[in-house]
Amino acid sequence: GQQLNQSPQSMFIQEGEDVSMNCTSSSIFNTWLWYKQDPGEGPVLLIALYKAGELTSNGRLTAQFGITRKDSFLNISASIPSDVGIYFCAGRSDQFYFGTGTSLTVIP
Amino acid sequence: DVKVTQSSRYLVKRTGEKVFLECVQDMDHENMFWYRQDPGLGLRLIYFSYDVKMKEKGDIPEGYSVSREKKERFSLILESASTNQTSMYLCASRGPDLGENIQYFGAGTRLSVL
């Protein structure tokens, strides 16, 4: 099945810095989702996006549904140590497709 | 809140054993999914089910089967476990098409086949 292109693959940042990651697809999606997965745990939904151009926030997290419907972005502001984990995107057209994840490390 | 519960967090099995992974959801969702997750490969769909007793193959169904006898329960079966089936297995469920377009995941089962 199709995998989404997610970048970067990994990030090492200082506590307090902002983080940006994105997902791109060759197909148009009608839904974009962002999940966070802690080590040894299942993915937990962070943000769901349903319309092109939509910008949605969840605390320090903000995600956007790209206007081309082929990409999405996740930003984390003022990172803290508990932001550590793997973030991955999912898009839905005829079925769900998943990115391979961005591993985030926050250095105190 | 949607709750998707996988019966085991960790399993260790021997090659050739028959393995059952159980998943239960409490939101009356029609659609349920089984994925495996491996480093560098992301999530790969094994099987999904859109109704009781209905199942569809995903991207990597070989070596697996599934059972959906009740709406809330979706079981993944490894008929004869092999070492290349060592992985993290994730169950997910999703509501009706006219409603939520979100998959909710369980906590995962980490399976080791020796």
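Just so it is clear: chains get the letters A, B, ... in the order the sequence lines come, proteins before strands, and each one is counted from 1. Keep in mind that this is a model prediction, so the values were computed, not measured.
Using a 4.5 Å cut-off between heavy atoms, B:Tyr35 touches chain A through its side chain atoms alone. Heavy-atom distances place the side chain of A:Gln37, and not its backbone, under 4.5 Å from chain B. With a threshold of 4.5 angstrom between heavy atoms, B:Leu41 approaches chain A through N, CA, C or O but not through any side-chain atom. Proximity to chain A (any heavy atom under 4.5 Å) is shown, for B:Leu43, by both the backbone and the side chain. Residue B:Gln103 touches chain A through both its backbone and its side chain, counting heavy-atom pairs closer than 4.5 Å.
Side-chain contact check for A:Gln9 and A:Thr100: no donor-acceptor pair (N or O, by modelled atom type) lies under 3.5 Å.
Ring geometry for A:Phe96 versus A:Phe98: interplanar angle under 30°, hence parallel rather than tilted (30 to 60°).
The aromatic ring centroids of B:Phe33 and B:Tyr47 lie 6.0 Å or more from each other.
Salt-bridge formation is not detected for the pair B:Glu62/B:Lys57: no Lys NZ or Arg NE/NH1/NH2 atom is positioned less than 4.0 Å from an Asp or Glu carboxylate oxygen. Between A:Lys36 and A:Asp38 there is a salt bridge, since at least one side-chain N of the basic residue sits less than 4.0 Å from a carboxylate O of the acidic one.
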